[in-house]
Amino acid sequence: MSDNPYLAHLEPHQRGTGSSEGGAPFDGWIARKVDGKQVEKAMDGTTNPFTLRPHSKRYMDILKLRKNLPVHQQMSEFIEMFQSSQFTVMVGETGSGKTTQIPQYVAYADLPHLRRPGLQVACTQPRRVAAMSVAKRVADEMDVSLGDEVGYSIRFEDCTSPKTFLKYMTDGMLLREAMNDHMLSRYSTVILDEAHERTLATDILMGLLKDIAKRRPDLKIVVMSATLDAAKFQNYFFGAPLLKVPGRTFSVEVFYTPEPEPDYLEAAIRTVLMIHQAEGEGDILVFLTGEEEIEDACRKISMEADNLPHSIGPLRAIPLYSSLPPQQQQKIFDKAPAPRTPDGPPGRKVVISTNIAETSLTIDGIVYVVDPGFSKQKIYNPRIRVESLLVSPISKASAQQRAGRAGRTRPGKCFRLYTESDFVKELEEQTYPEILRCNLASVILELKKLGIDDLVHFDYMDPPAPETVMRALELLNYLAAFDDEGNLTPLGDLMSTFPLEPQLAKMLIVSPEFKCSNEILSIAAMLSVPNPYLRPNSQRKEADEAKAQFAHPHGDHLSLLNLYHAYRTNPDSQWCWANYVSFRAMQQADNVRNQLKRSMEKMDLDLVSTAFEDKSYYDNIRRALTCGFFMHVAHREGDKNGYTTVKDNQIVGLHPSNGLDNNPEWVLYNEFVLTTRNFIRTVTEVRPEWLLEYAADYYDVKTFPQGETRRALERVMQGGKKSSGSKSGGDEGRERKKRKKDKSGR
DNA sequence: GAGCACTGC
C-alpha cells in the first residue's frame with residue numbers, strides 16, 4: 001500500500017472493496033483517516049490527488065489566498081473532528097471561507113478511503129446562484145474544470161459528470177434526489193450550508209439525515225451555520241461537536257434612535273438625507289418591505305435631494321426588488337453619480353431594497369445601512385387555510401445580517417430606526433423557520449414519499465402546529481393522494497413526482513382523461529411562475545388593453561393558456577415588450593412546462609388535446625381544473641359581487657385583476673390573497689354539477705352547514721334529477737342562456 | 001377596483 005493516502009485509491013484491492021453489488025452495500029469499506037498535515041502536504045504537492053495531473057501555477061497562486069482565510073487556521077481541527085464524529089456542526093461568519101473551503105477539506109478526507117467509485121460529497125445551498133457561483137470558484141481552486149470533478153446541480157441544470165465527487169446543489173434538489181434514493185447512497189458526506197436560514201428543504205433534510213444516519217453509519221453530515229444558534233443544532237444532532245471559525249469583515253458601528261419612530265418610511269427617508277449631508281463618502285443601503293414602498297421612497301428621496309443646496313453632492317436613488325427586470329436590477333452596481341462640477345462634492349447612490357439585499361444580492365461599496373426593522377413575512381393560518389404576507393418586525397439575526405452589509409469593503413455604520421431597548425427586548429433571536437409559517441401540503445406528500453410513515457412524530461427540529469399537519473393530511477385525503485388510513489395511494493405516489501403543489505399535480509395527472517393534458521401542462525406551468533402581466537404605473541391603461549387581448553370570458557386560467565399560446569407563436573422579447581408581458585416569466589414557464597412534460601412522458605401519461613373546433617375544448621380544461629381545485633371554490637351570495645368560500649365560509653371578492661365578463665355563481669380560484677380585503681385571484685367559472693361529479697365526498701351536501709351554498713347545491717342536485725337523460729346538454733343550454741342574459745342586463 | 005418579501009423542486 002502506498003504511503004501517500006491520496007494514491008491509495010488507485011490500488012484495485014481497495015477500489016473493489018465494499019462494492020454495492022450483492023451483500024450489504026455499506027459494509028466492509030476501508031476507512032483510512034488522514035490528518036491535517038497530510039492534507040496540507042497534498043495541497044502543497046506537485047500532483048493533484050483528485051486528477052493526478054500536476055498542479056498549475058494558477059492553483060498555487062489561489063492556494064496562497066486560501067491559506068489566508070480564517071477557516072484555514074482550523075483545517076486540522078476540522079478534519080480531526082469530521083473523522084471522529086458522524087455529525088459535525090460548524091459556525092463560520094461572513095468572510096470565514098467556510099462555503100468554499102470546508103467541502104474541499106471533506107473531499108480530501110473522503111478521497112483516501114473512497115469506498116465505492118462514484119461516491120460524492122454534496123454541499124447544499126438555499127439558492128441556485130450560490131450553488132453555481134461557489135462551484136465555479138471551487139473548481140478553480142481545485143484546478144479542475146467545472147462539471148468534471150467539481151460540479152453543481154440545480155433545477156433545469158445538471159452540471160456534473162461521472163467524474164464528479166464534489167457537488168454543490170440546492171437543498172431542494174437534494175430533497176428531490178432523496179425521494180428516489182431514500183438512503184442517499186451516492187453520497188459519502190452531506191454538508192448542509194446556511195442551515196441557519198432554516199429553509200423548508202433544509203429543515204426536512206436535517207430530519208431525514210438524522211434518520212438515514214442510523215442506518216448508514218458510514219455517512220457523514222456537516223451542518224454549517226452563520227449565526228450563533230449553534231447549540232440548537234448540536235443538541236438536535238446528538239450533541240455533535242462544534243467548530244467555530246471567526247469571520248472577516250470590517251467593523252460596523254450601530255446607532256439606535258432614542259425614541260421609537262412612528263413612521264418608519266418617513267424616518268428612513270430623513271435618515272438617508274441626513275447621512276448624505278453629514279457623513280463621509282460611501283453608498284447607502286435601505287431595507288424596506290415591498291415594491292410600492294420602495295418606489296414611493298425613491299421618488300421622495302429624489303425630490304428632496306433635488307432641493308438640497310449645491311454645496312451637497314448629487315444623490316441617486318435606485319430601487320431593488322425581485323420583480324424588477326434584470327436590466328434594472330443591474331443598476332445597483334452602477335457607480336455613484338459624478339460631482340456636479342469637476343471640483344464639487346462627490347455624489348452618492350442609495351439603494352432602496354427589499355430583503356433581497358440581505359442574502360441574495362451583495363452590493364460592494366455600501367458603507368451605510370438604514371434598517372427600519374421590518375420585512376414582509378409569510379404566515380399561514382390553518383383555520384382558514386390561508387397563507388398571507390404580513391409586514392412584521394425582523395429578528396436579531398436578520399438585523400445583524402443587515403448591519404453586516406455595511407462592512408464588506410471597509411468599516412461602516414448601521415442606523416437602526418428603533419430603540420436599543422426594543423432591539424434587546426422585542427426582537428426574536430431568530431427568524432421563525434419557514435416550516436412553521438406555511439401550508440404543508442407538499443411537504444407532507446414529500447415526506448410520505450420519502451418513506452416517513454409517522455408524519456406526526458417525524459423528528460422536526462421545530463415541529464409544525466398539529467393543526468397545520470392535519471390540514472395538509474385532510475387536503476391530501478380529499479385529493480385521493482392519501483387513503484383513509486393515511487397511506488400513500490398510487491395517485492399520491494404519482495403526484496409526488498411532480499415539482500408542483502398537490503392540487504396542480506392532481507389536475508395534471510387527470511388531464512389525459514379529459515383530453516387536455518397539453519393545455520393543462522401549459523396552465524400548470526403558467527401558474528408556477530411569477531405574474532406574467534406587466535403593469536407599469538405610467539402605462540396602466542395600455543397594459544390593461546394588452547392584457548384584454550388574452551382574456552377568456554370563462555376565466556383567468558384560460559386567459560393564461562391564451563397568453564402562453566400567443567407567446568409560443570412569438571417567443572421573443574420584442575413581442576413580450578410590446579404586449580406588456582414579462583419575457584422572463586414566459587421563459588421560465590417554458591422551462592417548467594418542458595420539465596413537467598418530461599415527467600408526464602416518463603410516467604406514461606398521455607399528451608393529448610381536444611380539437612380546438614370541438615365545443616368541449618375549454619370545458620374539458622375546466623373539468624380537469626375542477627378535479628384539482630374543488631377545494632378552492634367560492635359561491636356568489638346575494639345579488640352583490642360578494643363571494644363566500646365553500647366550507648371555510650370566508651367572505652371574499654374577485655381580485656380586480658380578473659378577466660371574467662360577469663360574476664358567475666360558482667368560481668374556482670388559484671389563490672386566496674389577504675391584503676386590504678380578502679381576494680381570490682386567478683379565477684375561473686365552474687359548473688356546480690362538476691363539483692358534485694368529481695368531488696362527491698367533499699360536496700356531500702349533508703356535511704354543509706345551512707346556508708346559501710348548501711341551498712344552491714341542493715337546487716343543483718334536484719335540477720340534475722329532473723333533467724336526467726340529457727344532463728350535460730341541458731346544462732350547456734342553461735349556461736348559455738344565463739350568460740346571454742347577464743350580458744344584456746348591463 | 002388592487003398589488004407581488006424571498007427562495008426552491
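All chains are named by letter (A, B, ...) in the order of the sequence lines, taking the proteins before the strands, and each is independently numbered beginning at 1. What's counted below: heavy atoms across the whole structure, side chains too, no hydrogens, waters or symmetry copies.
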inquiry  = Quick test of your reading of the model: are E545(A) and K541(A) salt-bridged, counting only N-O distances below 4.0 Å?
reply    = yes
task = Would you mind classifying the nucleic acid contact of L200(A) as base, sugar-phosphate or nothing, using non-hydrogen atoms under 4.0 angstrom?
result = nothing
Atom-to-atom span, NE2 of H655(A) to P of dG3(B) - whole angstrom = 6 Å
ask   = Looking for any heavy atom pair under 4.0 Å, which part of the strands does R127(A) touch: base, sugar-phosphate only, or nothing?
value = sugar-phosphate
message = I want to verify a distance call: between dC9(B), dC6(B), dA2(B), whose nearest atom is closest to the Y321(A) side chain?
response = dC6(B)
key: OP1 or OP2 of dC6(B) under 4.0 Å from side-chain N/O of T354(A)   = yes
remark   = R681(A) CZ to dA2(B) C1', in whole Å, measures 9 Å
query = Do the side-chain N or O atoms of R128(A) get closer than 4.0 angstrom to the phosphate oxygens (OP1, OP2) of dC9(B)?
reply = yes
note = Whole-Å distance, H196(A) NE2 to dC6(B) P, equals 18 Å
query = Just checking S322(A): base, sugar-phosphate only, or nothing, at a heavy-atom cut-off of under 4.0 Å?
reply = sugar-phosphate
message = From the set dC4(B), dC9(B), dC6(B), return the single nucleotide nearest to any side-chain atom of R176(A).
response = dC9(B)
task = To the nearest Å, give me how far apart CZ (F287(A)) and P (dC6(B)) are.
result = 12 Å
task = Identify whether any heavy atom of F498(A) sits under 4.0 Å from a base atom; if not, whether one sits that close to sugar-phosphate; answer base, sugar-phosphate or nothing.
result = nothing
query = Where the side chain of R540(A) is concerned, which of dC9(B), dG3(B), dA2(B) is the nearest nucleotide?
reply = dG3(B)
remark   = Closest of dC4(B), dA2(B), dT7(B) to the K376(A) side chain is dC4(B)
inquiry  = Need to verify one output field. Residue with the more 5' nearest nucleotide on DNA chain B, Q595(A) or D544(A)?
reply    = D544(A)
task = May I have the distance from I154(A) (atom CD1) to dT7(B) (atom P), rounded to whole angstrom?
result = 13 Å
task = Assign L389(A) to base, sugar-phosphate, or nothing according to its heavy-atom contacts below 4.0 angstrom with the strands shown.
result = base
query = Within the side chain of H554(A), is there an N or O that forms a donor-acceptor pair under 3.5 Å with the backbone of E685(A)?
reply = no
Candidates dG8(B), dG3(B), dA5(B) - which lies nearest the side chain of K378(A) = dA5(B)
message = Any donor-acceptor pair under 3.5 Å linking the side-chain atoms of N591(A) with those of R155(A)?
response = no
ask   = Taking atom types as modelled, is there a side-chain donor on S398(A) or S395(A) under 3.5 Å from an acceptor on the other?
value = no
ask   = Rounded to the nearest Å, what distance is computed from the CD atom of residue E434(A) to the C1' atom of nucleotide dA5(B)?
value = 12 Å
Touch class at under 4.0 angstrom, heavy-atom based, for T170(A) against every strand present = sugar-phosphate
task = Give one of base, sugar-phosphate or nothing for E291(A), where a contact means two heavy atoms less than 4.0 Å apart.
result = base
task = Taking only Lys NZ, Arg NE, NH1 and NH2, and the carboxylate oxygens of Asp or Glu, determine whether R176(A) and D181(A) approach each other closer than 4.0 Å.
result = no
Spacing between Y432(A) atom OH and dT7(B) atom C1', to the nearest angstrom = 21 Å
key: Pairing of D193(A) and K98(A) as salt bridge, 4.0 angstrom limit   = yes
note = By nearest-nucleotide position on DNA chain B, the 5'-leaning member of F679(A) and S442(A) is F679(A)
request  = Would you mind classifying the nucleic acid contact of R198(A) as base, sugar-phosphate or nothing, using non-hydrogen atoms under 4.0 angstrom?
outcome  = nothing
message = Can you measure L654(A) atom CG to dA2(B) atom C1' for me and round it to whole angstrom units?
response = 13 Å
